[in-house]
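Worksheet for the structure shown next.
Letters A, B, ... are given to chains in the order of the sequence lines, protein chains preceding strands, and every chain is numbered from 1.
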Amino acid sequence: MQNSLTLTNEVVQQYLQEGKPYVVRIKMPENEIISFNDMIHHEVSFESNLVDDKVLLKADGMPTYHLAVVVDDYLMKISHAFRGEEWLSSAPVHILLWKYLFGLENMPQWAHLPLILGPNGKLSKRDGAKYGFPVYAMNWTDPRSEEFTEGFKEKGFLPEAFINLLAMLGWNGGTEQELFSMEELIAQFSIERVHKSGAKFDYEKAKWFNHEWIKKSTTEALYPLVKNLFETKNVNTKNEDYFKTVIGLVKERCTLVSDFYEQSVYFFEAPQTLDVEAVKPKWNENKQSFFEILCTQLTELKAWDVIEIENCFKNLATEKSIKPGELQLPMRIMLVGGKFGPAVFEIAHLIGKEETLNRIQSALTKINN
RNA sequence: GCCGCGUUGGUCAAGAGGUUAAGACGCCUCCCUUUCACGGAGGAAUCACGGGUUCGAGUCCCGUACGUGGUACCA
C-alpha cells in the first residue's frame with residue numbers, strides 16, 4: 001500500500017510538489033478500545049485495530065460524510081444526534097474525530113434508532129414498487145431509473161395515522177394505548193422505551209391505524225380530502241351539507257381515504273353496474289309485482305322521510321306475504337349496486353324520491369333481461 | 001469472512017428472577033345487523049437452541065444458530 005506512512009518523507013514531499021492527487025484519512029490508534037454511551041444501546045465498544053482509516057477528505061477536496069457530520073454538528077452546537085442504526089458501525093470514527101477536533105466534552109449525546117424492516121429483511125427504498133405497499137411518505141419517481149412509487153399520502157393514508165404507525169414501530173409506551181396523536185406522542189415519548197432491534201413493517205396493521213384514524217376524524221376534517229378525491233373522479237358532489245352527511249354515514253367503512261369513492265359514489269350517481277346475480281336466483285313474479293306497486297305507492301308518499309319509506313315498504317311486504325328481509329337485499333342492489341353501504345331506507349331518503357324511483361325502475365328492467 | 005447490534009405467537013409488542021406470559025393487527029367461530037362495516041363475546045398460536053448461575057429463569061452469564069447493520073474517495 002502506498003501512503004504517507006509507507007513512503008519516506010522525501011517521497012511524500014516530492015509527490016505533493018508534483019501535485020499528485022491524494023486523500024486525507026483518519027489514522028486509527030492501535031490497541032485501543034473505543035467505547036461510548038448510546039442513549040438506546042447504552043455502552044457500545046469497538047476495537048480500534050478493527051476500524052478502518054476512513055477517508056476524511058476526498059481527492060477532489062470535498063469532505064466525506066464522516067468529517068462533515070462532526071464539523072456540522074459542532075458548528076450547529078448539536079446536543080443530541082439521532083440517526084439510524086446503520087451508523088453505529090461508523091460511530092467510533094466520529095467519536096475520535098470529536099476527540100481530536102473539538103473535544104469529547106462538546107460531543108453530542110448519541111442515539112442510534114432501530115431500523116424499519118421489510119417483509120424479507122431490510123426495507124429498501126429501491127424495492128418500493130415490489131412490496132405492494134408504499135415506502136415513501138409521498139409520491140416519488142426515482143430520478144435515475146424513473147421508477148414511480150406511490151406514497152402513503154396518495155395511497156389514502158392520513159398524516160395522523162402515518163405518524164402514529166411509524167411511532168409504534170420501535171417505540172411503545174408500556175400501556176395498552178396504541179392510538180396516539182402527535183400531541184400525545186410528544187407528551188408521552190421517552191427515549192428509554194425505544195427498542196433496540198428493528199421492527200418488520202406490517203401493512204395490514206398500517207391500514208388498521210388508518211381505519212382507526214378515519215373513524216376518529218371529524219366529518220369536517222375529512223371533507224376537504226374526500227371532496228378532492230371526488231373532484232379528481234369528476235363526480236358532481238352536490239351541496240356541502242349533503243356531502244358531509246354522506247361522509248359521516250360511510251366513514252367507518254373506509255380504511256383508506258380512497259375507499260370513500262366506491263363507498264359513496266352511489267349517493268351522487270346511479271350505479272353503473274348492478275350485482276344482479278345476487279338477486280336473480282330468488283327473483284319471482286311476486287317480488288316483481290311488489291316493486292312495481294312499491295313505486296306507485298312511493299310516488300304518492302306525502303313526506304319523504306326514513307320512517308315513512310320504511311313503513312310503506314314493510315306494509316306492502318306484509319300485504320304480499322313476503323318477509324321484508326327478502327326484499328331489502330334486492331332494494332339495496334337497486335339503489336347501491338352491491339351488497340354494502342348503510343341502511344337502505346336511509347339511502348333512499350338521502351338520494352331523494354325521484355332518484356329512488358328511477359333506480360328501482362331501471363333495475364327492474366335489468367333483472368328481467 | 002471480519003466487526004457491531006439484536007432475538008417473546010405469522011406481525012407489532014408488555015414483561016426489569018417467582019405471572020394462568022398483557023394487549024393490538026391478521027386469521028377462525030359466535031352475537032348484533034335479514035347488506036357491508038362498526039360494536040360485543042370467544043378461539044387457535046409464543047419466550048430460537050444448548051449449557052450454566054439460582055430453591056426458582058422469558059428475565060442473569062456463556063456458547064451455537066438465526067436476523068440485521070457496517071465493512072466505499074455514498075450517505
Students should find that the hydrophobic cluster of A:L115, defined by side-chain heavy atoms under 4.5 Å apart, otherwise consists of A:L117

Do we see a donor-acceptor contact under 3.5 Å between the side chains of A:E292 and A:Q288? yes

Can you find a side-chain donor-acceptor pair between A:Q13 and A:Q17 that sits under 3.5 Å? no

Base, sugar-phosphate, or nothing: which does A:F46 touch, judged by heavy atoms less than 4.0 Å apart? sugar-phosphate

A:L301 versus A:C312, closest heavy-atom pair with distance: CD1-CB, 4.2 Å

Taking the nucleotide of RNA chain B with the nearest heavy atom to each, does A:Y22 or A:L117 sit closer to the 5' end? A:L117

Would you measure the distance from the C1' atom in B:U53 across to the matching atom in B:C62 and give it in whole Å? 11 Å

B:C38 versus B:U29 - spacing of their P atoms, nearest Å: 15 Å

Contact class for A:G170 vs. all strands (heavy atom < 4.0 Å): base, sugar-phosphate, or nothing? sugar-phosphate

Measuring only the P atom in each nucleotide, how far is B:U8 from B:G67? A whole number of Å is fine. 14 Å

Base-pairing assignment for B:C2 (Watson-Crick or G-U wobble, both under 3.5 Å): B:G70

Examine the base of B:G69 for any acceptor or donor lying under 3.5 Å from a partner atom in the side chain of A:S89, and report the outcome as yes or no. yes

Verify the contact: side-chain N or O of A:R332 to OP1 or OP2 of B:C36, cut-off strictly under 4.0 Å; return yes or no. no

Does the structure place the NZ or CZ of A:K216 under 6.0 Å from the centre of the six-membered ring of A:W213, at an angle of no more than 45° from the ring's axis? yes

Under 6.0 Å between ring centres: does that hold for A:W171 and A:F189? yes

P spacing across the pair B:A41 / B:G26, given as an integer number of angstrom: 16 Å

Remember a base hit wins even if backbone is also touched, and classify A:P342 as base, sugar-phosphate or nothing at under 4.0 Å, heavy atoms. base

A:W87 side chain: which of B:A75, B:C73, B:U34 is closest? B:A75

Apply the syn/anti split at 90° from 0 to B:C38 and say which one it is. syn

Expressed as a whole number of Å, how far does the P atom of B:U7 sit from that of B:A24? 24 Å

N or O in side chain of A:K339 less than 4.0 angstrom from B:U33 OP1/OP2: no

Please give, in whole Å, the distance from B:A72 P to A:I26 CD1? 16 Å

note: A:L169, atom CG; B:C12, atom P; distance rounded to Å ~ 8 Å

Is there a donor-acceptor pair closer than 3.5 Å between any side-chain N or O of A:D73 and the backbone N or O of A:V70? no

Would you mind telling me which of B:C73, B:A72, B:C38 lies closest to the side-chain atoms of A:E252? B:C38

Need one value for A:S45: base, sugar-phosphate or nothing, where a base atom within 4.0 Å counts as base even if backbone is also close, heavy atoms only. sugar-phosphate

Option among A:L229, A:V250, A:V336 that satisfies the side-chain contact (heavy atoms from CB on, under 4.5 Å) test with A:S264: A:V250

Checking all strands, does A:P324 fall into the base, sugar-phosphate, or nothing category for heavy-atom contacts under 4.0 angstrom? base

Looking at every non-hydrogen atom in both residues, tell me the closest pair between A:G151 and A:N139 and how far apart they are. N-OD1, 2.9 Å

Of the listed nucleotides (B:G6, B:G4, B:C12), which one gets closest to any side-chain atom of A:V44? B:G4

Gap in Å between the two P atoms, one belonging to B:G40 and one to B:G4, rounded: 49 Å

Here the distance between atom P of B:G69 and atom NE2 of A:H195, to the nearest Å, is 19 Å

Nearest to the side chain of A:E86 - B:G23, B:C5, B:G70? B:G70

Assuming nearest nucleotide by heavy-atom distance, tell me which of A:G338 and A:K54 is located more 5' along RNA chain B. A:G338

On the six-membered ring of A:Y15, is A:K20 placed so that its NZ or CZ lies under 6.0 angstrom from the centre and within 45° of the ring axis? yes

Ordered by number, residues from residues 197-217 of chain A within less than 4.0 Å of RNA chain B (heavy atoms) are A:S197, A:A199, A:K200, A:D202, A:E204, A:K205, A:W208, A:H211, A:K215

Pick the C1' atom in B:A48 and in B:G6, then give their distance to the nearest Å. 13 Å

Mind checking if A:L115 touches a base, just sugar-phosphate, or nothing, with heavy atoms under 4.0 Å? sugar-phosphate

Please give the distance between the P atoms of B:U59 and B:U54 as a whole number of Å. 16 Å

Taking atom P of B:U35 as reference, at what distance in whole Å does atom CD of A:E346 sit? 16 Å

To the nearest Å, how far apart are A:F340 CZ and B:C38 C1'? 17 Å

Check the distance between B:A14's P and A:W171's CH2 and give it to me in whole angstrom. 11 Å

note: A:L88, atom CG; B:C2, atom P; distance rounded to Å ~ 19 Å

A:E178 side chain: which of B:C5, B:A75, B:G23 is closest? B:G23

NA contact type, A:R193, heavy-atom cut-off 4.0 Å: base, sugar-phosphate, or nothing? sugar-phosphate

Return the nucleotide paired to B:G63: Watson-Crick means purine N1 to pyrimidine N3 with N6-O4 or O6-N4, wobble means G-U with N1-O2 and O6-N3, both under 3.5 Å. B:C49

In whole angstrom, give the distance that lies between atom CE of A:M39 and atom P of B:C5. 18 Å

Nearest to the side chain of A:L329, which nucleotide is it out of B:U35, B:C5, B:C36? B:U35

